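Below you'll find the structure, written out as structure tokens, and then a few comments.
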Amino acid sequence: QVQLVESGGGLVQAGDSLRLSCAASRYTFSNYAMGWFRQAPGKEREFVAAISSSGATSTYADSVKGRFTISRDNAKNTVYLQMNSLKSEDTAVYYCARGTTKYGVSRYGLYDYWGQGTQVTVSS
């Protein structure tokens, strides 16, 4: 069974930085794109960023473009989300997910396995 375990969440102040990690196991990590999504209280889960299986290409939601960076280390089976200049509206539970193809995309339905999530709270 595929396993995705997020870590790195926490409580920070606006303007701070945080790096999330997602450790993957029980499948060939380098064959699949990975994505990060988030869900704030009372809101639907939304796309944040995605990266291709090789790490060569990435895509971002407009709301985080220029502030967040997704990366991956295929030797460590880990995907990261570096979050800079955090805002209160970034407060959410962040989930990593495995894409169903090699290409990083924003469509929720093209991800088949999800982690349990990690809470990020940004105080203003």
Side-chain angles (χ1 to χ4, degrees):
Q1 179 75 1
V2 170
Q3 263 199 329
L4 300 172
V5 180
E6 301 97 335
S7 61
L11 171 63
V12 296
Q13 293 188 333
D16 286 350
S17 298
L18 209 55
R19 188 176 83 154
L20 306 182
S21 300
C22 172
S25 60
R26 302 181 185 176
Y27 73 98
T28 305
F29 182 71
S30 59
N31 283 354
Y32 296 86
M34 295 295 293
W36 285 97
F37 289 74
R38 66 186 181 187
Q39 188 166 19
K43 296 188 176 181
E44 292 187 352
R45 195 169 298 190
E46 65 173 1
F47 169 75
V48 175
I51 190 166
S52 63
S53 59
S54 67
T57 60
S58 56
T59 185
Y60 297 90
D62 287 344
S63 60
V64 307
K65 205 171 291 183
R67 299 188 298 122
F68 290 12
T69 303
I70 188 171
S71 62
R72 65 189 294 159
D73 185 337
N74 283 350
K76 295 183 178 179
N77 291 354
T78 301
V79 62
Y80 305 97
L81 185 68
Q82 177 67 42
M83 305 185 294
N84 298 330
S85 303
L86 283 161
K87 305 175 181 180
S88 57
E89 51 262 45
D90 295 318
T91 294
V93 177
Y94 283 71
Y95 299 90
C96 70
R98 188 185 81 165
T100 57
T101 72
K102 292 182 180 290
Y103 308 104
V105 295
S106 61
R107 280 181 58 189
Y108 179 91
L110 294 179
Y111 290 85
D112 56 0
Y113 288 94
W114 296 79
Q116 82 290 348
T118 186
Q119 176 71 48
V120 172
T121 303
V122 184
S123 64
S124 56

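No experiment lies behind these values; they were computed from the predicted model shown.
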What heavy-atom pair brings [X] and [Y] nearest, and what distance separates the two atoms?
X: S124; Y: A14; value: CA-CB, 4.2 Å
X: S30; Y: N74; value: CB-ND2, 3.6 Å
X: I70; Y: V79; value: CG1-CG2, 4.0 Å
X: A40; Y: A92; value: N-CB, 3.8 Å
X: L81; Y: A49; value: CD1-CB, 4.2 Å

If only atom types and distance count, is the side chain of [X] paired as donor or acceptor with the main-chain N or O of [Y] below 3.5 Å?
X: E6; Y: C22; value: no
X: R72; Y: G55; value: no
X: T91; Y: V122; value: yes
X: S52; Y: T57; value: yes
X: T100; Y: L110; value: yes

Legend entry - Over 12 foreign heavy atoms within 6.0 Å of NZ, K65: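 Atom NZ in K65 is packed in, count exceeds 12.
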
Inset, instruction - Please check if any side-chain donor atom of N31 sits under 3.5 Å from a side-chain acceptor atom of S53, or the reverse. - result: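 Absent: no donor and acceptor within the cut-off.
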
Shared hydrophobic cluster for [X] and [Y] (ILVMFWY, side-chain gaps under 4.5 Å):
X: F68; Y: L20; result: yes
X: V120; Y: W36; result: yes
X: Y113; Y: V93; result: no
X: L4; Y: Y111; result: no
X: Y60; Y: L18; result: yes

Gap separating the [atom1] atom of [X] from the [atom2] atom of [Y], nearest 0.5 angstrom:
X: M34; Y: F29; atom1: CE; atom2: CZ; answer: 5.0 Å
X: S88; Y: Q13; atom1: OG; atom2: CD; answer: 12.5 Å
X: Q3; Y: R98; atom1: CD; atom2: CZ; answer: 13.0 Å
X: S123; Y: L86; atom1: OG; atom2: CG; answer: 10.5 Å
X: Y103; Y: I51; atom1: OH; atom2: CD1; answer: 15.0 Å

Inset, instruction - Sort out for me which residue in R38, Q39, Q119 forms a side chain to side chain donor-acceptor pair (under 3.5 Å) with Y94. - result: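 Only one of R38, Q39, Q119 forms a side chain to side chain donor-acceptor pair (under 3.5 Å) with Y94, namely R38.
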
Inset, instruction - Examine W114 together with F37 and report whether their ring centres are nearer than 6.0 Å. - result: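 Ring centroids of W114 and F37 are less than 6.0 Å from each other.
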
Inset, instruction - Would you sort out whether K87 and D90 count as a salt bridge (Lys or Arg N to Asp or Glu O under 4.0 Å), showing the intermediate values? - result: CA-CA 5 Å; K87 305 175 181 180; D90 295 318; over 6 Å; no

[Y] and [X], any side-chain heavy atoms less than 4.5 Å apart:
X: S17; Y: Q82; value: yes
X: V12; Y: M83; value: no
X: K76; Y: S21; value: no

Inset, instruction - Answer yes or no on whether R45 is positioned over the face of Y95, meaning its NZ or CZ is under 6.0 Å from the six-membered ring centre and within 45° of the axis. - result: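 Cation-pi check for R45 and Y95: passes.
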
Inset, instruction - Report the relative orientation of the aromatic rings in Y27 and Y32; use parallel for angles under 30°, tilted for 30 to 60°, perpendicular for over 60°. - result: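 The arrangement is perpendicular - the two ring planes meet at more than 60°.
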
